[in-house]
Amino acid sequence: DSYYRALAGKVLSTGGVLSKTRMTEYARVILGLTAIGEDPANVAGYHLLAALSDYDAATQPGVTSAAYVLLALDCGNYEIPKAEAGKTQATREMYVDFMLGKQLSDGGWAIGAEEADPDVTAMVLQALAPYQSNTAVKNAVSLGVQRLSKLQNDDGGYTSWGYTSSESCSQVVLTLCALGISMDDSRFVKNGASPLDGLCAFACEGGGFCHSNEQAEPDGMATEQGFYALAAYDRFRQGMTSLFDMTDIKVK
């Protein structure tokens, strides 16, 4: 309730504008609202889903922006509102095609690089997971999964931008859960360690998760991602919907 009241106040103070350039601001808020059973189509009178109808604004920052916009739209199976005059009307198919068009020759995805990054690849695969009835998507996902397997380190973890981190493990755990792949799948077990084992290796004494091996203290972002990766795995084990599929939540 306190989060919703704070958000409503923010929305009123900005005239419904959370950002003019970063649609992920809207995506994060929509995911949060849906998780607590609130309607993002009416927050203090503002329709926050409307921003995600602008295809150019959503894709301009890159492939991860498109991924999180699609995750936000799908988390509550929301319809895409009509775009404002002069804006390019987005569709789910357009967002999917945009991500497919950004797949690298090695099967993964990255930002500003020609070699796949595990974090970016995992995020895109999470967004594409519900669309595998499309043959092109299914093939792209298969290549992406193969690449994630090859990128895995010998201890079950992952290296991104030159260092190993718990966040990379968290994103891969989310991806495997979204795709219905078990943590003991032979493609993702290296020397007996899975991505979940890789994540748990970063658990800090006293609670939380460290960002990297060079840290001894819990990190805010690492802990946030680690905890929702564990939540995703728990849901997977119980046969529940994946973390970003919130269609089982009743809107207030």
Side-chain angles (χ1 to χ4, degrees), residues 31 63-64 66-68 70-75 77 92 95-96 99-100 102-110 115-160 164-203 209 222 224-248:
L31 287 166
V63 69
T64 53
Y68 276 99
L70 192 57
L71 285 170
L73 288 168
D74 288 346
C75 75
N77 196 26
R92 281 174 163 80
Y95 286 135
V96 167
M99 287 184 282
L100 294 183
K102 296 295 182 180
Q103 191 167 27
L104 301 173
S105 59
D106 65 9
W109 285 265
E115 294 183 356
D117 174 78
D119 299 51
V120 177
T121 299
M123 292 172 190
V124 173
L125 290 174
Q126 291 163 38
L128 292 177
Y131 296 89
Q132 293 182 83
S133 59
N134 178 312
T135 301
V137 173
K138 188 174 182 62
N139 292 338
V141 167
S142 177
L143 290 172
V145 168
Q146 291 177 36
R147 190 59 186 164
L148 274 185
S149 173
K150 291 178 181 177
L151 287 170
Q152 191 177 20
N153 297 332
D154 291 339
D155 61 358
Y158 283 86
T159 299
S160 177
T164 59
S165 74
S166 63
E167 291 95 328
S168 295
C169 296
S170 294
Q171 291 302 323
V172 174
V173 169
L174 285 173
T175 297
L176 298 186
C177 292
L179 294 172
I181 298 174
S182 172
M183 293 297 150
D184 60 6
D185 187 290
S186 60
R187 294 170 294 178
F188 290 94
V189 177
K190 305 295 192 296
N191 295 317
S194 71
L196 185 64
D197 295 316
L199 169 62
C200 291
F202 288 94
F209 286 89
E224 174 190 334
Q225 292 195 25
F227 282 172
Y228 67 61
L230 293 178
Y233 178 61
D234 184 54
R235 294 180 67 82
F236 173 75
R237 289 199 309 167
Q238 295 187 61
M240 301 170 72
T241 60
S242 61
L243 187 77
F244 292 124
D245 180 352
M246 305 177 195
T247 52
D248 57 334

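This structure is a prediction, so every number in the text was calculated from the model and none was measured. Positions are given from 1 along the sequence. Note that these values count all heavy atoms, side chains included, but never hydrogens, waters or copies made by symmetry.
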*Determine the minimum heavy-atom distance between L125 and V141, stating which atoms define it.*
CD2-CA, 3.7 Å
*Looking at OH of Y233 and CG of L199, how far apart are the two atoms once the value is rounded to the nearest 0.5 Å?*
12.0 Å
*Considering only NZ, NE, NH1 and NH2 on the basic side and carboxylate oxygens on the acidic side, decide whether K190 and D154 come within less than 4.0 Å.*
no
_Regarding D74 and Y131, do their side chains bring together a donor and an acceptor under 3.5 Å, going by distance alone?_
yes
*Less than 4.5 Å apart, any side-chain heavy atom of P195 and any of Q152?*
yes
*Compute whether any side-chain donor of one residue and acceptor of the other, for R147 and T121, lie under 3.5 angstrom apart.*
no
*Atom OH of Y95 and atom CG of L70: how far apart are they, to the nearest 0.5 Å?*
8.5 Å
*Is any side-chain heavy atom of F188 closer than 4.5 Å to a side-chain heavy atom of M183?*
no
*Assess the side chains of T159 and N153: does a donor N or O sit below 3.5 Å from an acceptor N or O?*
yes
*Hey, are the side chains of T164 and Y158 touching, using non-hydrogen atoms and a 4.5 Å cut-off?*
no
*Approximate separation, where rounding is to 0.5 Å, of Q132 CD and S142 OG*: 9.0 Å
*Check whether any side-chain heavy atom of K102 sits under 4.5 Å from a side-chain heavy atom of T64, and report yes or no.*
no
*Look up atom CG in L128 and atom CE in M123, then write down how far apart they are to the nearest 0.5 Å.*
13.5 Å
*Do D245 and S242 meet the criterion of a side-chain donor-acceptor pair at a distance under 3.5 Å?*
no
*Do the charged groups of K150 and D106 touch, with an N to O distance under 4.0 Å?*
no
*Considering only heavy atoms from C-beta outward, does the side chain of Q146 approach that of R187 to under 4.5 Å?*
no
*Using a distance-only test with no angle check, is there a side-chain donor-acceptor pair under 3.5 angstrom linking N77 and T247?*
no
*Y228 side chain to S170 main-chain N or O, any donor-acceptor pair under 3.5 Å?*
no
*Sub-3.5 Å donor-acceptor pair from the side chain of W109 to the main-chain atoms of M99, do we have one?*
yes
*Atom of L243, atom of L174 and distance for their closest heavy-atom approach*: CD2-CD2, 3.6 Å
